[in-house]
Amino acid sequence: MQFPDDPEAERAPSLVDTGALLRGLNPEQLAAVTLPAEPALILAGAGSGKTRVLTTRIAWLLQTGQVSPGGVMAVTFTNKAAKEMMTRLGAMLPVNVRGMWIGTFHGLCNRFLRAHWKQAGLSQTFQILDSGDSLSAVKRVIKAMNLDEERFVPKQVAWFIASCKEDGMRPGDVPVHDGQTQKMAEIYQAYQDQCEREGVVDFAELLLRTYELMRDDAMLREHYQRRFRHILVDEFQDTNRLQYLWLKMFAGPHTAVLAVGDDDQSIYAFRGAQVGNMSDFEREFRVKKVIKLERNYRSYGNILDAANALIAHNSRRLGKNLRTESGPGEPVRVQENASDFNEAQWVLEEAQQLHRGGMARHEIAILYRSNAQSRVIESALFNAGIPYRVYGGMRFFERAEIKHALAYLRLIENCHDDTSYLRVVNFPTRGIGARTLEQLQDAARQTGRSLWQSVGAVGGKGGANLAGFNALIDGMRNETQGLTLREIIEHMLHRSGLIDFYRTEKEGADRIENLEELVTAAEAFVTQEGFGKDAVALPVDELGPGSIAAPRSPDVPEAPAPVDLTPDAETGEIMSPLAAFLTHAALEAGDNQAQAGQDAIQLMTVHSAKGLEFDAVFITGLEEGLFPHENALSDADGLEEERRLMYVAITRARQRLYLSFSQTRMLHGQTRYNVKSRFLDELPESALKWLTPRTQGFGSGFARDYQAAWQRGSGLGSMVGAGRRNAGWQAPAEPPVPAAMKAAAAEAAGHGFKVGQSVFHAKFGEGVVVTLEGSGPDARAQVNFGRHGAKWLALSIAKLTPID
DNA sequence: TATAGTACATTTTTT
DNA sequence: ATGTACTATA
């Protein structure tokens with residue numbers, strides 16, 4: 001699909017020739033790009049050229065001289081989005097993109113706090129905890145407070161603390177209703193004290209600290225509010241409360257905030273995103289101009305018809321309809337499958353056919369609602385020898401061996417980092433057992449000092465080993481003085497014994513490979529950041545007596561990494577390469593699986609597909625209980641978010657869209673009998689093409705499916721085939737099926753058939769009982785005969801033979 | 001201290 | 001079914 005040129009795209013309020021920049025924008029895009037300098041909201045539909053508008057807007061502001069690079073802030077959620085913005089901007093304009101504040105919320109906060117660490121009450125070398133680090137920190141606090149881990153589940157407490165912070169609450173602000181929350185607030189306080197002591201901050205703290213400093217320091221606030229003439233926020237529908245408050249701090253009376261988002265693509269409520277921020281923004285910032293980008297440049301008409309019809313079932317929308325000028329394209333194909341195994345097989349064959357027809361494998365995506373679904377598909381692809389790539393899973397910097405290596409590096413930087421200390425003090429083992437560590441932690445607790453400082457308090461053999469560990473770290477620190485980052489890491493890997501340890505492990509080869517990869521990553525980081533002989537400090541702003549007028553590198557061809565070499569605002573001091581690398585590792589967890597190179601089919605959850613697009617998309621597992629997920633069905637908001645998720649999935653496809661569901665599916669080691677997703681019923685028939693005959697007996701739509709599912713004893717649309725182990729499901733207060741019908745279903749046991757049972761039919765062959773209804777002469781069964789589809793049979797007439 | 005066995009949970013995810 | 005986290009045992 002091409003972007004047709006717009007001949008009218010030439011008018012800009014400037015003497016500079018901006019024609020090249022604005023050429024090809026449609027009227028709405030042009031209006032968005034050339035908006036006056038005041039708060040505005042852009043409702044950017046999927047595939048409407050949102051990133052292009054954002055980057056062109058910045059380029060246009062710069063080119064027309066309305067703002068200098070230092071006056072622009074652009075915030076994103078992911079490093080990937082930030083990078084892409086910088087790359088595209090760099091391609092549009094020969095500007096030093098590094099002078100601009102383009103980055104993730106967390107990256108920009110880091111930049112801010114590095115410059116103002118003193119005012120923020122942080123240590124100069126503060127390190128950043130990722131979620132795993134912060135969880136183990138919480139665990140230590142709970143232990144130190146002698147609390148019951150059953151009553152205060154570390155995961156939940158960590159979640160509680162993060163949520164408090166994301167609501168802008170300090171321990172003292174927590175509303176206390178009962179003893180439990182009282183205690184939780186106390187844990188929060190203790191956790192906070194511990195972080196303070198260790199010189200570490202968690203992700204939420206980066207934002208909250210920044211917000212508080214801006215709120216409380218009028219000088220600083222006025223400075224930044226004056227500085228940023230333009231703030232652009234990407235994916236605004238994903239902002240949480242704190243991010244919105246944060247934004248309000250940086251936006252001064254003369255700041256033009258441009259919020260870009262799509263309420264229909266809000267799929268992160270579960271992690272605190274507040275779609276309501278969009279309407280709050282419109283009201284509180286007195287937005288005069290709301291621009292809707294509804295023209296879609298990605299997909300053909302049938303795909304958009306499906307998307308529009310589906311999302312129309314949601315209430316509480318800001319309202320938006322996607323349109324295209326590319327024609328209807330091919331119909332959306334729908335496939336019913338007998339089992340998840342068959343579904344995988346079908347997807348695979350269809351994908352192979354597309355590939356043989358000339359479509360690159362990486363242009364084919366297989367999407368699913370939950371990660372567990374990938375397994376069947378993976379094994380099918382694996383057995384067929386088709387290259388594929390799975391997104392998600394362990395990220396590079398989260399791998400155990402990498403975390404171990406980073407812990408050593410962090411101790412070299414800051415030996416009071418107790419989290420890192422505990423992680424590697426006995427890894428590889430050096431005779432320091434649980435007893436010794438217990439004593440060490442007790443001593444540290446009593447004196448309020450770090451573990452490092454408390455080593456002397458432990459006697460005996462354990463104490464000696466602890467002293468040996470401290471000496472090891474000291475030794476590494478001394479020996480790596482003046483070495484390059486690469487040399488530091490290599491030295492540490494050997495000196496710590498990590499390499500030797502993994503050499504003797506049977507599964508160690510991969511881990512050593514990863515550790516080597518760490519060296520490579522550090523090398524790349526150094527090159528990218530411009531460390532080395534002519535390191536260049538970046539200007540933060542013109543604040544303070546010691547501010548630096550930094551020399552600018554004449555040209556920056558490559559996209560810079562999101563971690564900045566931010567100098568201290570007063571002294572101009574910058575971080576050591578090691579410290580900067582550690583920050584980088586915390587803020588950017590790296591790729592999950594760098595199986596780059598090969599042309600492979602892309603497998604991922606619908607969530608991780610957001611923002612991506614493919615020539616062909618398969619949405620699999622469209623079954624009640626799975627998609628929409630059963631856990632989301634308890635309230636209307638949950639269902640609407642599932643529907644938005646489906647909307648996101650549909651709008652990923654450029655040319656071909658396939659929807660599939662399966663009658664049975666292996667989940668948690670048990671077979672579930674599913675009915676097709678209600679979302680399929682919400683799509684317009686005119687846009688669809690059923691590849692399999694529509695199942696008989698399901699003609700009356702969802703209500704019928706629902707009742708059938710109910711009778712089979714499960715919740716909304718699916719049931720567990722054998723056993724009653726998963727007793728978690730609770731019946732809704734008002735069952736939609738009359739009690740008499742349920743009683744009838746119970747009596748039906750007389751005929752001896754069971755759901756899930758294999759049977760043989762003279763004409764249709766082998767099949768599986770999917771549904772049982774009625775009793776006595778009225779007893780009927782829905783049997784799935786695979787190739788012949790599912791049939792409803794009267795048990796008193798049809799001759800069904802059980803197979804075992 | 002390492003390994004084997006058991007209990008347990010299992011939507012979605014970025015920083 | 002499968003992976004993880006924790007406990008019991010050599």
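Chain letters run A, B, ... following the sequence lines, proteins first and then strands; every chain starts at 1. Computed from a predicted structure; not experimentally measured.
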Any side-chain N or O of A:R271 below 4.0 angstrom from OP1/OP2 of B:dT15? no
With A:F105, which residues qualify under ring pair (Phe, Tyr, Trp, His ring centres under 6.0 Å), at least two apart? A:F77, A:W246
Could you give the CD-to-C1' distance, from A:E235 to B:dT15, as a whole number of Å? 15 Å
Under-4.0 Å side-chain N/O to phosphate OP1/OP2 contact, A:N79 with B:dT15: yes
Which nucleotide sits closest to the side chain of A:R395: B:dT15, B:dT12, C:dA1? B:dT15
Can A:H106 be called stacked on B:dT15 when the rule is centres closer than 5.5 Å and an angle between planes below 30°? no
So does A:T605 reach the base of B:dT13 with its side chain, donor to acceptor, closer than 3.5 Å? no
For A:N371, report the nucleic acid contact type (base, sugar-phosphate, nothing); a contact means any heavy atom under 4.0 Å. sugar-phosphate
From CG of A:D130 across to P of B:dT14 the rounded distance in Å is 13 Å
Without decimals, in angstroms, what is the distance between A:K461 NZ and B:dT1 P? 10 Å
Decide whether a cation-pi geometry holds between A:R389 and A:Y391; the criteria are a distance under 6.0 Å from NZ or CZ to the six-membered ring centre and an angle within 45° of the ring axis. yes
For A:Y244, enumerate each residue passing the ring pair (Phe, Tyr, Trp, His ring centres under 6.0 Å) test, keeping only those at least two apart in sequence or located in another chain. none
Residues in side-chain contact (heavy atoms from CB on, under 4.5 Å) contact with A:S420, at least two apart in sequence or another chain: A:A407, A:R410, A:L411, A:D417
When we call it a touch if two heavy atoms are under 4.0 Å apart, what does A:F270 touch: a base, just sugar-phosphate, or nothing? base
N/O (side chain, A:R644) to phosphate O (OP1/OP2, B:dT12) under 4.0 Å: no
With the side chain of A:T78 defined as its heavy atoms from C-beta on, choose the nearest nucleotide among B:dT15, C:dA1, B:dT13. B:dT15
With heavy atoms under 4.0 Å as the rule, sort A:Y268 into base, sugar-phosphate or nothing. sugar-phosphate
Near DNA chain B, counting only heavy atoms under 4.0 Å, which residues of residues 428-440 of chain A show up? A:T429, A:G431, A:I432, A:G433
Closest nucleotide of DNA chain B for A:K80 versus for A:R369: which of these residues is on the 5' side? A:R369
Do any N or O atoms from the side chain of A:S677 and from the backbone of A:L622 form a donor-acceptor pair under 3.5 angstrom? no
Measure the distance from CG on A:D133 to P on B:dT15 and round it to the nearest whole Å. 15 Å
List for me each residue that meets ring pair (Phe, Tyr, Trp, His ring centres under 6.0 Å) alongside A:F203, sequence neighbours excluded, and say none if there are none. A:H106
Remember a base hit wins even if backbone is also touched, and classify A:N426 as base, sugar-phosphate or nothing at under 4.0 Å, heavy atoms. sugar-phosphate
I need the CH2-C1' distance between A:W159 and B:dT12, as an integer number of Å. 15 Å
For residues 140-155 of chain A, the salt bridge (Lys or Arg N to Asp or Glu O under 4.0 Å) pairs (sequence neighbours left out) are A:R140-A:E198
Salt bridge or not for A:E378 and A:R375, using N-O below 4.0 Å? no
Could you state the CG-C1' distance from A:N631 to B:dT13, rounded to the nearest angstrom? 16 Å
Integer-rounded Å distance: B:dT12 C1' and A:L645 CG: 7 Å
Shortest side-chain distance from A:T104, nucleotide among C:dG3, B:dT15, B:dT11: B:dT15
Rounded to the Å, how far apart are A:E398 CD and B:dT13 P? 12 Å
